[in-house]
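Single-structure report; data block below.
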Number of protein chains: 2
Amino acid sequence: MTTIYLAEDQEMLNTALATLLGLEDDLEVIGTATDGQTALSEIISKKPEIAILDIEMPKLSGLDVAEQIKLLDPPTKVIILTTFARATYFEQAVKTNVNGYLLKDNPTDQLVKTIHEVLDGQTIFSPELVTTILSAEKNPLTKRELDVLKEIKLGKNSKEIAKSVFLSDGTVRNYISSILSKTGASSRIEALNIAEKNKWI
Amino acid sequence: MTTIYLAEDQEMLNTALATLLGLEDDLEVIGTATDGQTALSEIISKKPEIAILDIEMPKLSGLDVAEQIKLLDPPTKVIILTTFARATYFEQAVKTNVNGYLLKDNPTDQLVKTIHEVLDGQTIFSPELVTTILSAEKNPLTKRELDVLKEIKLGKNSKEIAKSVFLSDGTVRNYISSILSKTGASSRIEALNIAEKNKWI
DNA sequence: GTATTGATATGACATTTGTCATATTGTTAA
DNA sequence: TTAACAATATGACAAATGTCATATCAATAC
């Protein structure tokens, strides 16, 4: 019997998957959570063989939970289960050495299959995910430009951004100018839209 | 045996729910779709007793599907199943006379229960939904202000907005000024953030 | 039957935003 | 080891943004 822990913040999917996986005759769901903090502490104490983690959860993201698990090194194998084919998520997951990364855009069969493959020692990434990542526009922005863009997203003006990131007002405006020319946008909002569409932030 | 049609664009939830509902001994899932258009035509031809519809789906939203169903008047009862406690969605659903409105923030039991209650002739709305709607900030913006705000969201500048909504540049700027003062924001982006948080757009 | 509000407009003004030229320093790839 | 690039800065300028006062007209609420 393979023990499974499931962390997914959307109740409907959480309960549906818990029931379905429980129906498989070699799998046993030994716990579920709807937030990352609960998930992490329960995974540490219960040491399931497999942890299935959503990324966007309250308190602690699935990626943070995965990182902690891998640091503390319990025997648990991690499968990330998410809606998002976001490059940064994917990269972080790879860095954390997760055992699988599956998109919710797959039927439940695929999840069951992935669980078995991961148990088998394989590392599994959704093929659509890889395609999406490869076909996405490469992010042309530097780290500092991204910092500034994230501040823009909060609705701050140049002076406020300057304070937050410890730069002069003029430098911030230069960065924004550079962001606009690199993205081809002609205003902050347009730049935000482009960056979000391409999943740079 | 009650016949059910399920429209949900996220494969994982779609397949999970289809399997789970199929396990109930009085329910039979006679079809599923991952987009609104397919759902509508199949519901019309198959005439299920219950249609469970997600709102945000490709091609046609669940609310549009519900409206069409109610206009054509097949015997099908409609349950909206969505993540979003958005006031506009809710209002539209009420106007369309759907038979149930359930949030995905509920366990699957609740969905099964709702199906039975709806079959029983009741009209069911998620209690959390009603709470959320009632506690949400009331939208202080006028129709035209909302039109302008939607244009802002696209990243347009005042002149472009003026062209799109057939107003003078100055009027657009007045509207924006009014939006800012009503929302307490001090820039377009901040106003957008506030409006989105409160689900006004 | 008057007061309020929404939709629309203008002009004037201060502030913010975005552009450009130019400069220094440190890191990195060829 | 030089060229390119990232990070940072300044000053000057044009354009866009936001504010305010003021006005008209229609609809609506009291």
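Note: hydrogens, waters and symmetry copies are ignored here, and every other heavy atom, side chains too, is used.
- Results of the side-chain hydrogen bond (donor to acceptor under 3.5 Å, both in side chains) test with B/Tyr5 over B/Glu42, B/Lys47, B/Glu49 single out B/Glu42 as the only residue that passes.
- The shortest side-chain heavy-atom distance between B/His116 and B/Asp26 falls under the 4.5 Å cut-off.
- Residues meeting the side chain to side chain contact (heavy atoms under 4.5 Å, CB included) test with A/Lys70, sequence neighbours left out: A/Val78, A/Thr96, A/Asn99.
- One can place NZ of B/Lys159 at 14 Å from P of D/dG18, the figure rounded to the nearest angstrom.
- B/Thr142 comes within contact range of the sugar-phosphate backbone alone, with a heavy-atom separation under 4.0 Å but no base atom that close.
- Residues passing the ring-ring contact (aromatic ring centres under 6.0 Å, His included) test with A/Tyr175: none are found, sequence neighbours excluded.
- Separating the CD atom of A/Glu190 from the C1' atom of C/dT17 is a distance of 15 Å, rounded to the nearest angstrom.
- Judged as a salt bridge (Lys or Arg N to Asp or Glu O under 4.0 Å), and not counting sequence neighbours, the contacts of B/Asp147 are B/Lys143, B/Arg144.
- Looking only at distances, no side-chain donor or acceptor of B/Asp120 sits under 3.5 Å from a matching main-chain atom of B/Gln122.
- The nearest whole Å value for the distance from the CG atom in B/Asp147 to the C1' atom in C/dA7 is 12 Å.
- When the salt bridge (Lys or Arg N to Asp or Glu O under 4.0 Å) test is applied to A/Lys182, the partners found at least two apart in sequence or on another chain are A/Glu145.
- When rounded to the nearest whole Å, the span between CG of B/Leu141 and C1' of C/dA7 equals 15 Å.
- Counting only heavy atoms from C-beta on, B/Tyr175 has its side chain closest to C/dT8 among D/dA7, C/dT8, D/dA9.
- One atom, CD1 of A/Ile152, and another, P of C/dT17, lie 9 Å apart when rounded to the nearest Å.
- The backbone N or O of B/Gln110 lies less than 3.5 Å from a partner atom in the side chain of B/Thr114, making a donor-acceptor pair.
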Report, one pair per line, the protein and nucleotides 23-28 of chain D atoms (nitrogen or oxygen only) whose separation is under 3.5 Å.
none

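- Per the geometry, CZ belonging to B/Phe166 stands 12 Å off P belonging to C/dA9, to the nearest Å.
- Put simply, the side chain of A/Gln10 never gets that close to the backbone of A/Met12: no donor and acceptor are under 3.5 Å apart.
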**OP:** Classify every nucleotide of nucleotides 18-30 of chain C by which part a protein heavy atom approaches to under 4.0 Å, writing B for the base, S for the sugar-phosphate alone and - for neither, in 5'-to-3' order.
**Re:** BBB----------
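- We find that CD of B/Glu145 is positioned 9 Å from C1' of C/dG6, with the value rounded to whole Å.
- Between the P atom of D/dG18 and the CG atom of B/Leu192 lies a distance of 11 Å, rounded to the nearest Å.
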